[in-house]
Every structure is written in structure tokens, then in C-alpha cells.
2 protein chains.
Amino acid sequence: MDSGKINQIHNNIDRVIHEPVRLAILKILSLAKEVDFKFLLTTLGLTKGNLATHINKLEATKLITVKKEFRGKIPHTSYSITNKGREQFQEYWKNMQELAPE
Amino acid sequence: MDSGKINQIHNNIDRVIHEPVRLAILKILSLAKEVDFKFLLTTLGLTKGNLATHINKLEATKLITVKKEFRGKIPHTSYSITNKGREQFQEYWKNMQELAPE
DNA sequence: CATAATAGGTTTGTAGTAGAAACTAGTTTT
DNA sequence: AAAACTAGTTTCTACTACAAACCTATTATG
């Protein structure tokens with residue numbers, strides 16, 4: 001704590017990361033280094049559309065990268081967390097700790 | 001990990017508590033045992049309407065109690081966290097830890 | 001005395017968002 | 001030929017955070 005208007009901690013919470021589904025995605029990606037669409041779909045139990053939307057948001061904010069390839073003629077999409085993503089994820093939790101009970 | 005469909009951790013996150021402003025309110029109430037409207041208003045930097053709305057939601061879910069009294073003829077409102085509120089707050093954080101980086 | 005400020009709201013309106021469901025398109029299995 | 005799989009996009013609905021305006025009563029202030 002330093003000066004001026006303190007304690008408005010809630011304003012430091014990144015809303016993109018704060019959404020539970022996206023927290024779960026980031027958690028998984030922070031462990032796995034590469035994960036595909038299918039895996040997230042079944043692991044998280046989402047609809048395809050919903051998952052794709054969350055993925056888009058995470059990609060748009062450059063927290064993850066998307067790799068699309070063909071395996072034979074079947075599309076295969078996989079995701080990785082970026083360095084920025086890792087940093088922001090850490091930063092998010094650092095801020096959240098201030099709201100946690102001691 | 002035990003069986004069936006695991007890893008849908010995001011479904012365990014209580015949306016009422018998850019909202020940053022309400023997290024901040026619960027954090028403050030978990031420390032202070034009684035806090036008034038004015039204090040929350042200036043500390044959190046919200047509009048009166050917005051604060052009142054969050055308070056209503058926390059009261060409706062019985063996470064906090066509201067005490068309204070008159071000091072002379074001036075209204076004074078203060079809030080406390082309930083036992084249930086304390087428990088749910090702890091439970092929320094227990095669930096959240098599963099989404100935190102290790 | 002009028003007006004502004006304080007205390008603590010409620011009501012209203014807007015903008016953003018999560019999520020489901022439907023639709024798309026190519027491939028592959030039955 | 002039809003159904004199922006991969007990985008989506010589009011559309012639609014329902015909810016919600018937040019600001020701003022409005023409200024009621026009381027107490028300073030010029």
C-alpha cells in the first residue's frame with residue numbers, strides 16, 4: 001500500500017482470464033505445452049461452439065497460440081500457452097491472492 | 001482424481017462469489033466483522049447503486065447480513081459476513097486453488 | 001429561507017458476454 | 001446413401017455489471 005486510492009483491488013482482475021472456463025484452459029495449457037481441441041472438449045465438457053469462442057478470446061489477447069494442421073486429410077488443431085500468457089496468468093493469481101482469505 | 005467425468009473444475013466456481021467486487025467485499029468483511037456502507041463505497045470506489053446491487057446479491061444468498069439503524073435521525077447501514085458466508089468463501093478458494101498454477 | 005450536501009438506497013437503460021443450438025464443410029466409416 | 005467425425009462459425013437468448021437518474025429524508029450553509 002502506498003498512497004492515493006488504494007484497495008480497489010478488484011480493478012486489477014483481468015476479466016479475460018477470470019472466466020472459469022478460460023482459467024481451466026490456461027491451467028491445462030500451463031501444464032501440458034500442447035493440447036488439442038478434442039482433448040479440451042471432452043475434458044472440460046463444453047459444446048464445440050462454446051469452446052471455440054473461449055479459444056478465440058484467448059488467442060485474440062495473445063495468451064495462447066493456435067496450430068492448425070492436417071493429419072492425412074483430417075484437420076487437427078492444437079493450442080499452446082504463450083510466454084505472455086504464462087506471465088499474465090501468474091500476474092492474475094498474484095492479484096487474486098490479495099482477495100483471498102488469509 | 002477418482003472416476004467418471006473429472007476436470008470440470010470450472011463448474012464448481014460459485015458465480016456469486018466469483019465477481020471481483022464481491023470478492024473484495026467478502027475479503028473486507030472477513031477481516032472486519034462490521035463495516036458500513038460509506039466505508040465500502042469509498043474504499044471500493046463504486047457508485048452507490050452498484051454497491052447496493054452487489055450487497056443485495058450477497059444478502060439474498062445469505063453470505064452477509066445487513067443491519068439498518070438510525071443514528072439520531074440519520075440512517076446508518078452496516079454489514080457482516082455470516083458463518084455460511086465464511087464457509088462458502090473458504091470453499092470457493094479451495095476450488096479456485098485447483099485452477100491456480102503450481 | 002432556499003439550496004446544497006449527506007445517507008442510502010431503487011429504477012432504468014445500456015453494453016457486454018456466456019452458452020446452447022443450428023448450420024457449414026470436408027472426410028470417413030457403415 | 002447415410003451417419004458420424006473434425007473443427008469450427010453464426011445466430012439467438014438470457015443474464016449481468018455498471019452508470020446515471022431519480023427518490024426520500026435530514027442536516028448543514030450562504
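Convention: sequence-line order gives letters A, B, ...; per-chain numbering from 1. Bear in mind the structure is a predicted one, so any value in this text is a computation, not a measurement.
Projected onto DNA chain D by closest heavy-atom contact, A/His76 and B/Lys57 fall at different nucleotides, the more 5' of which corresponds to A/His76. Where B/Asp36 and B/His10 each meet DNA chain C at their nearest nucleotide, the meeting point lying more 5' is that of B/Asp36.
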What's the verdict on side chain to side chain contact (heavy atoms under 4.5 Å, CB included) for A/Lys27 and B/Glu102, showing C-alpha distance, side-chain angles and the deciding distance?
CA-CA 9 Å; A/Lys27 166 74 176 187; B/Glu102 63 288 352; 3.7 Å; yes
With salt bridge (Lys or Arg N to Asp or Glu O under 4.0 Å) as the criterion, how do A/Arg71 and A/Glu69 come out once you've worked through the C-alpha distance, each side chain's angles and the decisive distance to 0.1 Å?
CA-CA 7 Å; A/Arg71 296 193 169 171; A/Glu69 55 181 344; 3.7 Å; yes
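Evaluation of the ring pair (Phe, Tyr, Trp, His ring centres under 6.0 Å) rule for A/His18 yields A/Tyr92, B/His18 as partners, not counting sequence neighbours. Scanning for ring pair (Phe, Tyr, Trp, His ring centres under 6.0 Å) contacts around A/Phe37 gives an empty result, with sequence neighbours left out.
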What donor-acceptor contacts under 3.5 angstrom involve side-chain atoms of residues 83-90 of chain A, with partners at least two apart or in another chain?
{"unit_1": "A/Lys84", "atom_1": "NZ", "unit_2": "A/Thr61", "atom_2": "O", "d": "3.1"}
{"unit_1": "A/Arg86", "atom_1": "NH1", "unit_2": "A/Ser30", "atom_2": "O", "d": "3.3"}

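Taking atom CG of residue A/Leu44 and atom C1' of nucleotide C/dA18, one finds them 15 Å apart after rounding to whole Å. Between the P atom of C/dA7 and the CG atom of B/Leu51 lies a distance of 13 Å, rounded to the nearest Å. For the pair A/Phe70 CZ and C/dA25 C1', the interatomic distance rounds to 10 Å; values are reported in whole Å. For the pair A/Glu69 CD and D/dT6 P, the computed distance is 15 Å after rounding to whole Å. Between the CZ atom of B/Phe39 and the C1' atom of C/dG8 there is a distance of 17 Å, rounded to whole Å. When the P atom of C/dG8 is taken as reference, atom CG of B/Leu46 falls 15 Å away, rounded to whole Å.
Taking every heavy atom of both residues into account, B/Leu29 and B/Val35 meet most closely at CD2-CB, 3.7 Å. Counting all heavy atoms, side chain and backbone alike, B/Ile25 lies closest to B/His54 at CD1-CB, 4.1 Å. Taking both residues in full, the closest heavy atoms of A/Val21 and B/His10 are given as CG2-CD2, 3.6 Å, listed atom of the first, atom of the second, then distance. The two residues B/Thr82 and B/Lys62 make their nearest non-hydrogen contact at OG1-O, 2.8 Å. Residues A/Leu99 and B/Pro20 come closest through the heavy atom pair CD1-O, 4.4 Å.
Rounded to 10 degrees, the angle separating the terminal helix axes of the helix from C/dC1-D/dG30 to C/dT30-D/dA1, each built from five base pairs, is 20°.
Contact check of residues 14-29 of chain A against DNA chain C (heavy atom, cut-off under 4.0 Å) returns A/Glu19, A/Val21, A/Arg22.
Not one side-chain nitrogen or oxygen of A/Lys73 sits closer than 4.0 Å to the OP1 or OP2 atom of C/dT28. The side chain of B/His54 places an N or O atom within less than 4.0 Å of a non-bridging phosphate oxygen (OP1 or OP2) of D/dC18. Between C/dG19 and A/Thr47, no contact under 4.0 Å exists linking OP1 or OP2 to a side-chain N or O.
Electrostatic pairing of B/Lys57 and B/Glu19 does not count as a salt bridge here, judged by no charged N lying under 4.0 Å from a carboxylate O.
With hydrogens and angles ignored, the 3.5 Å screen pairs no side-chain donor or acceptor of B/Asn95 with any backbone N or O of B/Ile13.
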Atom pairs under 3.5 Å: protein N/O with N/O of nucleotides 9-13 of chain C:
{"unit_1": "C/dG9", "atom_1": "OP1", "unit_2": "B/Lys68", "atom_2": "NZ", "d": "2.1"}
{"unit_1": "C/dG9", "atom_1": "OP2", "unit_2": "B/Thr77", "atom_2": "OG1", "d": "2.9"}
{"unit_1": "C/dG9", "atom_1": "OP2", "unit_2": "B/Tyr79", "atom_2": "OH", "d": "3.1"}
{"unit_1": "C/dG9", "atom_1": "O6", "unit_2": "B/Lys48", "atom_2": "NZ", "d": "3.4"}
{"unit_1": "C/dT10", "atom_1": "OP2", "unit_2": "B/Asn56", "atom_2": "ND2", "d": "3.3"}

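When each of D/dT16, C/dA7, D/dC18 is scored by its nearest atom to the side-chain atoms of B/Pro75, the top-ranked nucleotide is C/dA7.
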